[in-house]
Amino acid sequence: MRIAMFAFVAMLACSAVFAEAMMVTVSFESGHLSLRHAELISGQPQGVTNDGPFLLAYKKGGDVVPATRFYMPILVLSDKANAAPDSAEYTLSMPVVQGAESILLYNANGSVVSALGISSIKSAGDSVGEAPRESMAGKLGEKSVAAAVDEASGIGSGAGQASQGNAQGKQGCLPLLVLAIVGMAAFVSRR
Amino acid sequence: MGKMPCSRFALPVLLFFVLALFAAPAFAFISEGAQCPGLPEGSAERTNDCIMVGSTPCMASLIPEICAGTVNPDYPEWGPLVWISGTCYCPYTLANKCYGKYGSCPNGCDPKTGNCLSPPEPEKCQNGCGSGEAQNPYPDCACVKKVEEEKVCKNTCAANEARSAYPECACTPISKCRNVKCDDECKAQVRDYDLARTDGTCNPQTGLCEYSETKCPAGACFVAPIGKAACKEECDNGIDDDGNGKVDCEDPACKDSLYCSCPRVATNSKAGRSLKILVGGWDYPEPNAYYTSAVRDKETKDDAVRIANNLFATAPFSEFPVEAYATRLPTGTLGPWRSDLLAKCKDVGGDVTVFVRYTGAAPGQSRAYSMNVDMSKNLDPYSPNFERIAAHELGHAVGGLWDEYVISESYGTLIGTAAYLRDYGFSTRANCDAWTTLGSCPKYFGAFNLTSYACVQGCSAGLWYRSSQNSIMNDHTASGEFNEVSRKILRARIDAYLNPKPVTMEYQPPPVSAGYDPSNPQLER
């Protein structure tokens, strides 16, 4: 039991210290929702919630893994008027599901309205789709939001550095992960 | 007998006299080799020729006893006369080179060289004196104690000359660059930038140092221990200000700048998972001598703290753990987007992003449920309205709350949005009773299980109703509080983030209708 607890804690610690997040941008154009962009970033994912009519999920093999629900922020509330423009984008970050092939977007009726393949995303800074229109990357014609921000801030290769640091972190965490897996296996076999 | 001696000498004297009479006018040389017997025996002069200088001077010396040793007073330089063979000669020697110089040499003449003789050497003191004593002149020769001489230069030099140190005391022309050191320095300018002055050289014409000058913001110039003057690194100008080869965020000096980091600036220290509010400043006024990167950092941090502190005191945010983080984004034409802030502060993972723009005075604007606020610092920067505007916008961004004040429907922006309200869920949980009638208002607000409520017409549209007369969503200058409906909606929304239920695939049927749309009676609640 102690071994199993240690293994569980080790797994949690590894995932916390070396967290990655999938930053996803959903686009609304003339009444249609779609997945516009996904990028793997190092660091903590934004809080996820089961609140909202729309759902983002990962497709991994034959499974669908729910990630987060959300509201699509269409209505613009200002002192002039409450407007509902024809276009909107919303970016959130959610936990990563290792090995997932794509991200699925479900509408309020439970139907998949958009899918975005993420197999090419391997490390922090990798992205698919087009960067958010109003982001620095979108205005610079770049794909990586993180790289564009670093570039605009005068940081050499922020995404690369983050990726490298993360990779090193994973290597350092590997023994703990192996230990955790062995411990869990031992616990299961005893039972 | 007495006459006999006289008579006996009378004849020779007479003969001599007669002969002398005939010989007197003439000079006669004694034959060569004749001796001058009047000179001392063995002297060189004795062997030289003698000159009979004439009879006249010798006339008085015809008598040998008178002649010999007599000096002709008219020619004393001739020396004593001599009597030779009955004739009185005035001796003259060719070797006597003092001929003609008698009288012109006060100390006598050296007959060998004809040079005047030197005066006799003075007498010298024979006694010695000690090192600290001085001796009086001869013949006193007494030793007296030396008087210590003052070791200062007593000479004066011209105005364009410099005097060397004692005891040299030499006067040399002054160089204007002499002793002038042109070390790097910082020069403060009144009401302007400071100057970092480097690579100084002395101008020999003026004696003044001439430098390469670099403008630094006021107070940002420093002289490094190695003596090099430079500006402190400005962390957001794209320039290597301090000359260490590292620009902006690459420079370790900028690690704490908000331009290069996303630090936590405020927390209400409640236990549990915090709602993370990430404040990003952008679009700052043009930098100047005093509006530096550090000032922009401080301004942004202070504003983030103001926003956070207001939330710490405003329900329902005050009921949850809340943390505020702050950063700055590049200024320019590239207006930042929520994704930029999340990417920059990826280690923070902010739940809500708040952009504060520092130029212009655009009012706050947010999309419902966007989890993002856009507001301008300059709209009302120095009153509580700044943080109240932030809270108001957070009501939109987090809770999807409507404005509770009446806005003109003449814009027509709500026409046709009923489908959005229905399909995108905005009417399932709204702080306004939308598109309804006064009769349905109690039914709508009653479903919230409120302590009390009102039905005040005018909530984002003339036919809508709000639940209170005043609230921060109606008029942030009149009230800083969310009304009870808004608090309930926000509380549920924040709780959904901080204490999330497992995300499920469960189908959530959309609301049937957004309410009554006067333009489309079919969309009735």
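This one's a predicted model, so the numbers in the text were calculated from it and none came from an experiment. To find a chain, count down the sequence lines: A is the first, B the second, and so on, and within it residues start at 1.
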For the residue pair H396(B) and M473(B), establish whether any side-chain heavy-atom pair is separated by less than 4.5 Å.
-> yes
Using non-hydrogen atoms and a 4.5 Å limit, figure out which bit of L275(B) sits close to chain A: side chain, backbone, both or neither.
-> neither
Measure T353(B) against the heavy atoms of chain A and call it side chain, backbone, both or neither at under 4.5 Å.
-> neither
With only heavy atoms counted, which part of Y106(A) is less than 4.5 Å from chain B, the side chain, the backbone, both or neither?
-> side chain
Partners meeting salt bridge (charged side-chain N to carboxylate O under 4.0 Å, His left out) with R367(B) (sequence neighbours left out) | none
Look at M371(B), K276(B), K501(B) and state which one has the largest set of heavy-atom pairs under 4.5 Å with chain A.
-> K501(B)
Measure distances from V64(A) to the heavy atoms of chain B and classify the residue's part below 4.5 Å as side chain, backbone, both or neither.
-> side chain
How close do A131(A) and S135(A) get, heavy atom to heavy atom, and via which atoms?
-> CB-OG, 4.0 Å
Under 4.5 Å from a heavy atom of chain B, the part of A88(A) involved = both
Closest heavy-atom pair, C262(B) versus K344(B), reported as atoms and distance to 0.1 Å, is SG-O, 4.0 Å
Shortest non-hydrogen separation from A21(A) to S93(A) and the atoms involved | CB-CB, 4.2 Å
Residues two or more places apart in sequence or in another chain: which of them pass salt bridge (charged side-chain N to carboxylate O under 4.0 Å, His left out) with E234(B)?
-> R296(B)
Looking at A67(A), A148(A), P45(A), which one has more heavy-atom pairs under 4.5 Å with chain B than the rest?
-> A67(A)
